[in-house]
Amino acid sequence: MSRVHLIKSGRVAELRLDNPSKMNAFTVQMLDDLSAHLDALERDAELGAVMLTAEGDKAFCTGADINAWGDLNPTEFARFWVRDGHRIFDRLARLSKPTIAVLNGHAFGGGLELAAACDIRVMAPKASLALPEAGVGIVPGWSGTQRLMRLLPEPMVKEMALFGHRIKADRALSVGFVVAVDEDPRAAAQALVDRALTLSPRAVEISKSMIHAAQGEDRGAMVEALGSAAIAASEDRQEGVTAFQEKRKPDFSGK
């Protein structure tokens, strides 16, 4: 049974973590399911926005299930578990549609890294953030020391990673990591989604790419995507395709 569900309603998709008995901690299968869902979402031309949610009322996600990686040898741990998680979370970060993480409960370790991969976040007052990896002898491996450093002040990241402290919702709001703290974070996220759906889908998509490029993320990919979109709208592109299909020399006009 899948522990990550993809639920579509109109132009909105919900990715829901469903492992509440283990505080929605990630397993190998959950990573695989998330990866497959992200591929499907990227191909969905009608999609307007994505909400990332979790079952239960205690935790959004407390990271990775120790039983999933505890017996891996060093090579397997680094090459597969860490790299796969990093690749999949990067895939979420690069999704062309706007994404909102709904932190209904605690976001620890990989759960915090997952939330950081979304565009914005809303948080319940009772929820908290943490990087507890050092307590079990490992380090953040799914962008906790990289992406989080672009979203949080350095001392706050160190407070979590080096001193084991938890960050409460009000502090997360004060530094802009979350855009709202609400007793009903899902409703707050839905209001943001409803607003996003009134905007131009292509303008939103391109704006997201430009913002990421300004941060040094996927700059080359963004340039190529924008260039390809521009040339795809040209008469020369249509002439080139038509000439190839008709097996003749193209007559380009420069338009």
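Note that the structure is a prediction, hence the values are computed from the model and not measured. Position 1 is the first residue of the sequence; numbering continues from there.
Grouping the Ile, Leu, Val, Met, Phe, Trp and Tyr side chains by contacts below 4.5 angstrom, directly or via other members, places L15 apart from L192. Under the 4.5 Å side-chain heavy-atom criterion for ILVMFWY residues, a single connected hydrophobic cluster contains both M149 and L92. Note on V136 and L112: same hydrophobic cluster, where clusters join Ile, Leu, Val, Met, Phe, Trp and Tyr whose side-chain heavy atoms are under 4.5 Å apart, directly or indirectly. In the hydrophobic clustering of this structure, L173 groups with L129; members are Ile, Leu, Val, Met, Phe, Trp, Tyr whose side-chain heavy atoms approach within less than 4.5 Å, directly or through other members. The hydrophobic clustering, which links ILVMFWY residues whose side-chain heavy atoms are closer than 4.5 Å, places L151 and L95 together.
Between E42 and R91, at least one side-chain N (NZ, or NE/NH1/NH2) sits under 4.0 Å from a carboxylate O, which counts as a salt bridge. Between K208 and D119 there is a salt bridge, since a side-chain N of the basic residue sits under 4.0 Å from a carboxylate O of the acidic one. Classification of D90 and R87 as a salt-bridged pair fails, no side-chain N sitting under 4.0 Å from a carboxylate O.
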For the pair D18 and V4, evaluate side-chain contact (heavy atoms from CB on, under 4.5 Å) and give the outcome as yes or no after the intermediate values.
CA-CA 6 Å; D18 185 12; V4 182; over 6 Å; no
Using the rule given for side-chain contact (heavy atoms from CB on, under 4.5 Å), can you reason through V28 versus D65, listing the C-alpha separation, both sets of side-chain angles and the distance that settles it, and then say yes or no?
CA-CA 9 Å; V28 173; D65 186 349; over 6 Å; no
I would like to know whether V175 and M156 meet side-chain contact (heavy atoms from CB on, under 4.5 Å); could you show each step before the answer?
CA-CA 10 Å; V175 297; M156 188 174 286; 3.9 Å; yes
Show the numbers, then the answer: is there a side-chain contact (heavy atoms from CB on, under 4.5 Å) between C118 and I100?
CA-CA 6 Å; C118 291; I100 302 178; over 6 Å; no
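Between the CG atom of L31 and the CG atom of L114 there is a distance of 9.5 Å, given to the nearest 0.5 Å. With rounding to the nearest 0.5 angstrom, the CG atom of L199 is 5.0 Å from the CZ atom of R195. Rounding to the nearest 0.5 Å places OG of S143 at 8.0 Å from CD of Q146. A distance of 10.0 Å separates CG in L38 from CZ in R94, rounded to the nearest 0.5 Å. One finds the CD atom of E46 at 9.0 Å from the CZ atom of R11 (value rounded to the nearest 0.5 Å). Of the inter-residue distances, the one linking L148 atom CG with E154 atom CD reads 12.5 Å to the nearest 0.5 angstrom.
Between I167 and S128 there is no side-chain heavy-atom pair separated by less than 4.5 Å. Within the 4.5 Å cutoff, the side chain of L152 has heavy atoms near those of the V157 side chain. Between D32 and D84 there is no side-chain heavy-atom pair separated by less than 4.5 Å. Counting heavy atoms from C-beta outward, L131 and F108 have side chains that stay 4.5 Å or more apart.
Between the side chain of T242 and the main chain of Q238, a donor-acceptor pair closer than 3.5 Å is present. In terms of modelled atom types and a separation under 3.5 Å, the side chain of S174 and the main chain of R171 share a donor-acceptor contact. In this structure, N24 contributes its side chain and N19 its backbone to a donor-acceptor pair below 3.5 Å. For the pair T27 (side chain) and M30 (backbone), a donor-acceptor distance under 3.5 Å is present. Formation of a donor-acceptor pair under 3.5 Å by the S234 side chain with backbone atoms of R237 is found in this model. Judged purely by atom type and a 3.5 angstrom limit, E113 uses its side chain to pair as donor or acceptor with the backbone of W142.
Smallest separation of non-hydrogen atoms from A169 and A124: CB-O, 3.6 Å. In this structure, E133 and G110 approach most closely via the heavy-atom pair OE2-N, 4.1 Å. Looking at every heavy atom in both residues, D33 comes nearest to S2 through OD2-OG, 3.0 Å. The two residues A130 and R166 come nearest to each other via the heavy atoms CB-CG, 4.0 Å. Closest heavy-atom contact between A13 and K8: CB-CD, 4.1 Å. In this structure, A127 and G105 approach most closely via the heavy-atom pair CB-O, 3.2 Å.
Around atom CZ of R202, no more than 12 heavy atoms belonging to other residues, nucleotides or ligands sit under 6.0 Å away. The neighbour count for E246 CD, taken as heavy atoms of other residues, nucleotides or ligands under 6.0 Å away, is above 12.
Applying the salt bridge (Lys or Arg N to Asp or Glu O under 4.0 Å) definition to pairs two or more places apart or across chains, those involving residues 96-108 are K97-E205.
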For residues 49-64, tabulate all N or O donor-acceptor pairs below 3.5 Å that involve a side-chain atom, not counting sequence neighbours.
| from | atom 1 | to | atom 2 | distance (Å) |
| --- | --- | --- | --- | --- |
| T53 | OG1 | E14 | OE2 | 2.6 |
| E55 | OE2 | R16 | NH1 | 3.3 |
| T62 | OG1 | M23 | O | 3.3 |

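The ring pair (Phe, Tyr, Trp, His ring centres under 6.0 Å) search around F177 returns none, not counting sequence neighbours.
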